[in-house]
Amino acid sequence: MNFQQLRSIREAARRGYNLTEVANALFTSQPGVSRQIRELEDELGVVIFERNGKRLTGLTEPGKGILKIVDRLLIEAENLQQASLEYSGQTSGTLSVAATHTQARYALPKVVQGFRAAFPDVRIALQQSAPEHIAEWVLSGKTDIGIATEGLSQFPDLVSFPCYRWSHLIVVPDGHPLLEHSPIRLEDLAKYPLITYDKGFTGRGHIDDAFAKAGVATDIILTAMDSDVIKQYVALGLGVGIVASMAFDHGRDKGLRAVEASHLFATNTTRLAVRRGAYLRAYAYEFILQLAPDLTREDIDRAMAGEEPL
């Protein structure tokens with residue numbers, strides 16, 4: 001039994017049993033992947049995958065149990081590598097962080113600045129994507145830390161931590177009729193075309209829920225992942241924007257006005273997630289604590305051990 005065999009098993013399950021994709025991910029050939037899988041099945045005396053000819057189609061019942069063990073073995077192997085670097089006193093490395101655009105653009109700059117002051121020899125690989133992709137990257141080990149408002153707490157193999165709470169703002173051009181309403185109601189908003197986030201991004205679910213519960217129909221004419229894109233189209237007069245409170249800068253967003261909307265839409269919680277069972281190096285703890293200062297290292301350890309969900 002070797003790690004290449006274990007990686008072949010794990011990647012086959014992750015990539016929908018497509019051996020071409022598995023081979024590409026492992027930088028080997030498709031026949032090589034097939035051989036690794038067959039050799040491990042022969043050694044264990046168990047058929048791990050269901051097959052249709054030479055094509056893998058799914059996991060057998062024993063295979064489902066074996067896959068869980070394989071995942072744990074590979075995670076512990078990665079943890080061993082991380083621990084060896086930690087105990088040898090190395091404070092350099094790369095911390096991979098995946099976040100939505102709003103988090104990367106507005107929430108992370110000060111965190112990254114503080115982190116770099118504490119760990120100047122650690123490089124940060126910052127990636128941006130949708131919450132579901134962020135979760136997949138953390139689960140696969142492609143990313144160390146994921147940050148998003150939507151979805152991260154729904155994955156049992158991720159441990160997520162609350163970072164901070166925020167609300168939405170209504171954004172309109174100077175002189176817009178909505179500025180005469182105080183407070184603005186959902187019915188007032190629905191009289192205008194709306195511009196806001198794509199579904200699954202930056203609290204969009206709370207926006208939809210509020211209108212649905214009130215029985216108010218809306219005309220959402222444009223959606224985007226990027227807060228700056230939303231504000232740009234509002235500035236062009238195409239509609240009324242609904243954005244995250246952190247995404248509006250009264251000094252920089254000239255020609256636009258922001259109106260409080262916390263009375264209309266539920267408060268959102270941005271969360272940070274790591275893979276359950278992962279070994280966190282000292283600089284990973286520091287990054288988490290920079291973003292979620294109300295946590296302690298003991299809080300993180302208890303959550304990682306499954307003792308205290310946050």
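By the 4.5 Å heavy-atom criterion applied to side chains, Glu43 and Glu39 are not counted as neighbours. At least one side-chain heavy atom of Ile220 sits less than 4.5 Å from a side-chain heavy atom of Arg204. Two residues are said to be in side-chain contact when any heavy atoms from C-beta on lie closer than 4.5 Å; Leu264 and Leu189 meet this criterion.
Using modelled atom types, no side-chain atom of Arg257 and backbone atom of Gly175 make a donor-acceptor pair closer than 3.5 Å. Remark: side-chain polar atoms of Thr143 are not paired, donor with acceptor, to backbone N or O of Ala98 under 3.5 angstrom. In this structure a side-chain-to-backbone donor-acceptor pair under 3.5 Å is present from Glu41 to Phe49. With hydrogens and angles ignored, the 3.5 Å screen pairs a side-chain donor or acceptor of Tyr197 with a backbone N or O of Ala244. Without hydrogens or angle criteria, Thr196 side chain to Ile242 main chain gives a donor-acceptor distance under 3.5 Å. Listed for the Lys191 side chain is no donor-acceptor partner under 3.5 Å among the backbone atoms of Leu178. Checked by atom type and distance alone, the side chain of His263 pairs as donor or acceptor with a backbone atom of Ile184 at under 3.5 Å. The backbone N or O of Leu256 sits nowhere less than 3.5 Å from a side-chain atom of Asp253 that would complete a donor-acceptor pair. Looking at His168, its side chain never comes within 3.5 Å of a backbone N or O of Asn268 through a donor-acceptor pair. No donor-acceptor pair under 3.5 Å is formed between the side chain of Asp219 and the backbone N or O of Pro193.
Across all their heavy atoms, Trp166 and Thr267 have their closest contact at O-CG2, 3.5 Å. In plain terms, the two heavy atoms of Ile134 and Ile147 that are nearest each other are CD1-O, 3.7 Å. Smallest separation of non-hydrogen atoms from Arg275 and Met304: O-CE, 3.7 Å. Heavy-atom minimum distance, Ser96 versus Gln127: OG-NE2, 3.0 Å. Closest of all the heavy-atom pairs between Ile170 and Glu260 is CD1-O, 4.5 Å. Ile230 and Gly241 make their closest contact through CG2-CA, 4.3 Å (heavy atoms, listed as atom of the first residue, atom of the second, distance).
The pair Arg105-Asp226 does not meet the salt-bridge criterion, since no charged nitrogen lies less than 4.0 angstrom from a carboxylate oxygen. The pair Arg15-Glu11 meets the salt-bridge criterion, since a charged nitrogen lies less than 4.0 angstrom from a carboxylate oxygen. Ion pairing of Lys213 with Asp209 is absent here, as no side-chain N (NZ or NE/NH1/NH2) approaches a carboxylate O to less than 4.0 Å. With salt bridges taken as basic N to acidic carboxylate O contacts below 4.0 Å, none links Lys68 and Asp71.
There is no side-chain donor-acceptor pair under 3.5 Å between Ser160 and Ser153. There is a side-chain donor-acceptor pair under 3.5 Å between Tyr285 and Asp301.
A continuous path of ILVMFWY side-chain contacts below 4.5 Å connects Leu126 to Met246, so both sit in one hydrophobic cluster. Val240 and Val171 sit in two unconnected hydrophobic clusters of ILVMFWY residues. Membership requires side-chain heavy atoms under 4.5 Å apart, directly or through other members. Note on Val274 and Ile124: same hydrophobic cluster, where clusters join Ile, Leu, Val, Met, Phe, Trp and Tyr whose side-chain heavy atoms are under 4.5 Å apart, directly or indirectly. Under the 4.5 Å side-chain contact rule for hydrophobic residues, Val234 and Val259 do not share a cluster. A single hydrophobic cluster is not seen to contain both Phe155 and Leu67; linkage of ILVMFWY side chains at heavy-atom distances under 4.5 Å, directly or through other members, places them apart.
Rounding to the nearest 0.5 Å gives a distance of 13.0 Å between NZ of Lys231 and CD1 of Ile195. Once rounded to the nearest 0.5 Å, the distance linking CD of Gln4 with CZ of Arg35 reads 9.5 Å. Here Leu194 contributes atom CG and Leu238 contributes atom CG; the two are 12.5 Å apart, rounded to the nearest 0.5 Å. Rounding to the nearest 0.5 Å gives a distance of 7.0 Å between CG of Leu280 and CD1 of Ile300.
The six-membered or imidazole ring of Phe119 lies near that of Phe115, with a centre-to-centre distance under 6.0 Å.
With Leu6 as the fixed residue, the side-chain contact (heavy atoms from CB on, under 4.5 Å) test singles out one of Leu40, Ile69, Ile66: Leu40.
Remark: Arg51 CZ is packed, more than 12 non-hydrogen atoms of other residues, nucleotides or ligands lying under 6.0 Å away. Counting non-hydrogen atoms of neighbouring residues, nucleotides and ligands closer than 6.0 angstrom, the OH atom of Tyr164 exceeds 12 such neighbours.
Ring orientation note: the planes of Trp137 and His133 are close to parallel, at an angle under 30° on the 30°/60° scale.
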For Ile37 and Ile9, run side-chain contact (heavy atoms from CB on, under 4.5 Å): C-alpha distance rounded to whole Å, both residues' side-chain angles, the deciding distance at 0.1 Å, then the answer. CA-CA 6 Å; Ile37 292 173; Ile9 298 294; 4.0 Å; yes
Check against side-chain contact (heavy atoms from CB on, under 4.5 Å), Ile145 and Val138: CA-CA 6 Å; Ile145 292 173; Val138 178; over 6 Å; no
